[in-house]
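One structure is given below, encoded as structure tokens.
Computed from heavy atoms alone, side chains included, the values below leave out hydrogens, waters and symmetry copies.
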Amino acid sequence: MYTTCSKGIGRSAATLRRGLLGALLAYLLTCTGIAMFQDHLLYYPDRATVAEMVSGGLAPWPSATDFRGLLAEPTAPARGTAIVFHGNAGHAGHRQFYVDALSRHGLRVILAEYPAYGPRSGQVGEENLVTDAEQTIALAHGRYGGPLLIIGESLGAGVAAAASARARATITGLLLFTPWDRLEHVASHHYPLLPVRWLLRDRYDSTTHLAGFGRPILVVIAGDDRIVPARFGRALYDALGEPRRLSVIEGAGHNDWFDALDDAWWDQAVAFLLGSSR
């Protein structure tokens, strides 16, 4: 009896050890896979030719051969320039709704494109995108001067925050839609069992980048955002210095907030961001 029980206990312990080792191996393989393929989890570029992206009054900017985005000029002389850095999916040609909203307020609009998106060559990654965005800001300021508004949406908010911090002297105001404070917080929310702090290569730490920014910043969060929950945008806002303003779009999600913004909202937003340059 004792021998039989001992053997049974031994077999159970061995089975338990194998199960634990298997679970540990699966966990390590999952961590390794996310570490290796994290770019595919963060960036979703759509490829398109310049000809496919140019429509609805949009022109290649600064040219078709040196393409960095799409340009829309207002019907009257421009009172300023707005550069839009879009989210992680699609391409700049999908964001014409910004042109419709901003051109009515007399702003020239540049829908900036990232490396590896649309017709552009290059590689994704935080340093590549931020450095390229800084170059786009410098080129636009050199051509048009100020005032210059920078707009970022989701991933683009992280790009815009980092690039604007580097180009602070040329920026008049910063508008961030559905932003986060630090990417690791959003990643931890979606993958709570993984050590994302150690796995992430790209940090997009907007809280650090915008410390002491000293320009008007408008943070816009969607109340029912399930991709970048509102608390992360609020955390960014709470960390900012003045001048700052928070707009909460109640009932909106990560991809439908734009429908809730009317012309009066945009008028107030542009007035705040332009400040004395209005």
| said: Between Arg120 and Glu113, does any NZ, NE, NH1 or NH2 come within less than 4.0 Å of an OD or OE carboxylate oxygen? | reply: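 Not counted as a salt bridge, because no side-chain N and carboxylate O are separated by less than 4.0 Å.
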| message | Check this for me: does any side-chain nitrogen of one of Arg68 and Asp132 sit under 4.0 Å from a carboxylate oxygen of the other? | response |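 Salt bridge present between Arg68 and Asp132.
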Would the distance check show the side chain of [X] and the main-chain N or O of [Y] forming a donor-acceptor pair, the cut-off being under 3.5 Å?
| X | Y | result |
| --- | --- | --- |
| His141 | Ala138 | no |
| Thr172 | Leu148 | yes |
| His190 | Ile227 | yes |
| Arg168 | Phe213 | yes |
| Arg215 | Leu174 | no |
| Asn128 | Gly125 | no |
| Trp265 | Ala260 | no |
| His105 | Leu107 | no |
| Asp202 | Glu126 | yes |

Student check: side-chain heavy atoms of [X] and [Y] closer than 4.5 Å:
| X | Y | answer |
| --- | --- | --- |
| Tyr237 | Leu176 | no |
| Val270 | Arg79 | yes |
| Ile221 | Arg234 | yes |
| Asp181 | Asp238 | no |
| Val130 | Arg166 | yes |
| Leu42 | Tyr204 | yes |
| Arg197 | Arg203 | yes |
| Arg108 | Pro74 | yes |

How close do [X] and [Y] get, heavy atom to heavy atom, and via which atoms?
| X | Y | answer |
| --- | --- | --- |
| Trp266 | Leu175 | CZ3-CD2, 3.9 Å |
| Pro62 | Asp66 | CD-O, 3.0 Å |
| Ala72 | Val99 | CB-CG1, 3.5 Å |
| Gly87 | Ser154 | CA-CB, 4.4 Å |
| Glu73 | Ala78 | OE1-CB, 4.4 Å |
| Leu58 | Val54 | O-CG1, 2.8 Å |

| field | Test log, rule side chain to side chain contact (heavy atoms under 4.5 Å, CB included), inputs Trp61 and Leu139 | value | CA-CA 10 Å; Trp61 185 86; Leu139 179 59; 3.7 Å; yes
| said: By the ring-ring contact (aromatic ring centres under 6.0 Å, His included) test, which pairs, at least two apart or in different chains, include something from residues 106-129? | reply: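 Listed by first then second residue: His86-Tyr114, His86-Tyr117, Tyr114-Tyr117.
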Working to the nearest 0.5 Å, report the span between [atom1] of [X] and [atom2] of [Y].
| X | Y | atom1 | atom2 | value |
| --- | --- | --- | --- | --- |
| Leu218 | Arg244 | CG | CZ | 12.5 Å |
| Ile150 | Ile137 | CD1 | CD1 | 4.0 Å |
| Leu240 | Ile217 | CG | CD1 | 4.5 Å |
| Asn88 | Tyr43 | CG | OH | 9.0 Å |
| Gln96 | Leu70 | CD | CG | 8.5 Å |
| Arg231 | Leu236 | CZ | CG | 14.5 Å |

| Among all residues two or more places apart in sequence or in another chain, which pass the side chain to side chain contact (heavy atoms under 4.5 Å, CB included) test with Arg182? |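 Glu184, His185, Asp205, Thr207, Thr208.
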| request: Verify side chain to side chain contact (heavy atoms under 4.5 Å, CB included) between Leu155 and Phe85, making sure each step is shown before the conclusion. | output: CA-CA 8 Å; Leu155 172 71; Phe85 295 97; over 6 Å; no
| request: Decide if atom CD of Gln135 counts as having more than 12 heavy atoms of other residues, nucleotides or ligands within a radius under 6.0 Å. | output: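 It does: Gln135 CD has more than 12 such atoms within range.
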| Which word best sums up how the rings of Phe97 and Phe258 line up, parallel for under 30°, tilted for 30 to 60°, or perpendicular for over 60°? |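 Ring orientation of Phe97 relative to Phe258: tilted.
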| request: Indicate the ring-plane relationship of Trp257 and Phe177, choosing parallel, tilted or perpendicular according to the 30° and 60° boundaries. | output: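 Aromatic pair Trp257/Phe177 classed parallel.
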| field | From CA spacing to verdict: side chain to side chain contact (heavy atoms under 4.5 Å, CB included), Leu102, Leu149 | value | CA-CA 11 Å; Leu102 294 166; Leu149 304 184; 5.8 Å; no
